[in-house]
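Below: one structure, written as structure tokens.
The residues of the chain are indexed from 1 along the displayed sequence. The shown structure was predicted, so the numbers you read here are calculated from the model rather than taken from an experiment.
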Amino acid sequence: MFESFEDDFTWVEVDYPSLLDSKIECLSQVKDLTGSLKFLKRDITGDAFVDDLKKLIDPSVRTLFILEAVGMYIPSSSFSDLLRNLTGEFKKCEVAVYDVVLQGRFGLMMKENLVKAGVHPLGLSKTSLNAWSEFFSASNLKKSEVMTMLQAYKGGIMSREERMKCDGVEFLDEVEEWEMIMNCYCFCTGRNYDCD
């Protein structure tokens, strides 16, 4: 991935210190960690997070924020504040979110299993796909798209050729179960600026 980007590309990985230490150890075995890759060891909630991030990234350049499985672990209000702070401080901000949407019967079962395992979803995962749309709309994102991973797979973001390639990797005999699982995850994108 690093080789496919321009020299002026910067990747910032943000996570709790203990988790980031493990990632750094793993990444250092395959990649020189100097240059375009930066690390920020901290919690992402609170106003100071964006200030710390602005020390690593110029807020005037086009920036993509990837939030993977974040919404379920922080309160909905903290997630909303995070999006508003990012879109308010970074002038060309794009956001891609991959998270859970514990909707429907299967989603409720997933939630019960998470709670039994000691994971208590705090945020958006308690609600519906519409909640993601509302959060994106309230966060200065001019163009946003929200879909389940099943919708993304069936044409939302994957081409027919990509789907055929994925379908050929391994035979899937429990299609209905897989579709229920894919409906409990979402992919959301948005940006706070108009494209030229």
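- In this structure, the side chain of S137 engages the main chain of S133 through a donor-acceptor pair within 3.5 Å.
- Going from atom CD of Q151 over to atom CE of M149 covers 11.0 Å, rounded to the nearest 0.5 Å.
- Shown here are the side chain to side chain donor-acceptor pair (under 3.5 Å) partners of K41, two or more places apart in sequence or in another chain: D21.
- Two residues are said to be in side-chain contact when any heavy atoms from C-beta on lie closer than 4.5 Å; D99 and M72 meet this criterion.
- Looking at F187 and V97, their side chains never come closer than 4.5 Å, going by heavy atoms from C-beta outward.
- Every side chain to side chain donor-acceptor pair (under 3.5 Å) that T45 has, sequence neighbours left out, goes to D43.
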Review item, side-chain donor-acceptor pairs of residues 12-20, under 3.5 Å, at least two apart:
unit_1, atom_1, unit_2, atom_2, d
E13, OE1, W11, NE1, 3.4
E13, OE2, K23, NZ, 2.6
D15, OD2, K23, NZ, 2.8

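- Partner of L102 under the side-chain contact (heavy atoms from CB on, under 4.5 Å) criterion, out of K111, M109, E112: K111 alone.
- For E25 (side chain) and S22 (main-chain N/O), no donor-acceptor pair under 3.5 Å exists by modelled atom type.
- The ring-ring contact (aromatic ring centres under 6.0 Å, His included) search around Y153 returns W178, not counting sequence neighbours.
- Each salt bridge (charged side-chain N to carboxylate O under 4.0 Å, His left out) pair with one or both residues in residues 147-157, not counting sequence neighbours, appears once here: K154-E179.
- Within the 4.5 Å cutoff, the side chain of C186 has heavy atoms near those of the L129 side chain.
- A distance of 8.5 Å separates CD of E162 from NZ of K165, quoted to the nearest 0.5 Å.
- In this structure D51 satisfies the side chain to side chain donor-acceptor pair (under 3.5 Å) test with no other residue, sequence neighbours excluded.
- For residues 56-75, the set of pairs meeting the salt bridge (charged side-chain N to carboxylate O under 4.0 Å, His left out) definition, not counting sequence neighbours, comprises R62-E94.
- Side-chain contact between L40 and F49 is present, with at least one heavy-atom pair separated by less than 4.5 Å.
- In this structure the side chain of L141 never reaches within 4.5 angstrom of the side chain of T189, judged on heavy atoms.
- Of the inter-residue distances, the one linking F136 atom CZ with S80 atom OG reads 11.0 Å to the nearest 0.5 angstrom.
- Pairs engaging residues 72-81 under the salt bridge (charged side-chain N to carboxylate O under 4.0 Å, His left out) rule: D81-R84 [sequence neighbours left out].
- In this structure, CD in E176 is found 12.0 Å from CD1 in I181, a value given to the nearest 0.5 Å.
- Remark: K55 pairs with D52 by the salt bridge (charged side-chain N to carboxylate O under 4.0 Å, His left out) rule, at least two apart or across chains.
- Two residues are said to be in side-chain contact when any heavy atoms from C-beta on lie closer than 4.5 Å; V146 and C188 meet this criterion.
- Applying the ring-ring contact (aromatic ring centres under 6.0 Å, His included) rule to Y185 yields the partners Y98; only residues at least two apart in sequence or on another chain are considered.
- Every residue meeting the side chain to side chain donor-acceptor pair (under 3.5 Å) condition with K54, not counting sequence neighbours, appears here in chain and number order: E89.
- Rounding to the nearest 0.5 Å gives a distance of 12.0 Å between CG of L53 and NZ of K38.
- For C93, the side chain to side chain contact (heavy atoms under 4.5 Å, CB included) partners at least two apart in sequence or on another chain are F65, L86, T87, F90, V95, N192.
- Side chain of S78 to main chain of I74: no donor-acceptor pair is present (N/O by atom type, distance under 3.5 Å, no hydrogens or angles).
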>> side chain to side chain contact (heavy atoms under 4.5 Å, CB included), that's the test. Do T148 and V101 meet it? Break it down for me.
In response: CA-CA 8 Å; T148 65; V101 181; over 6 Å; no
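- Using a 4.5 Å heavy-atom cutoff, the side chains of F79 and W132 are in contact.
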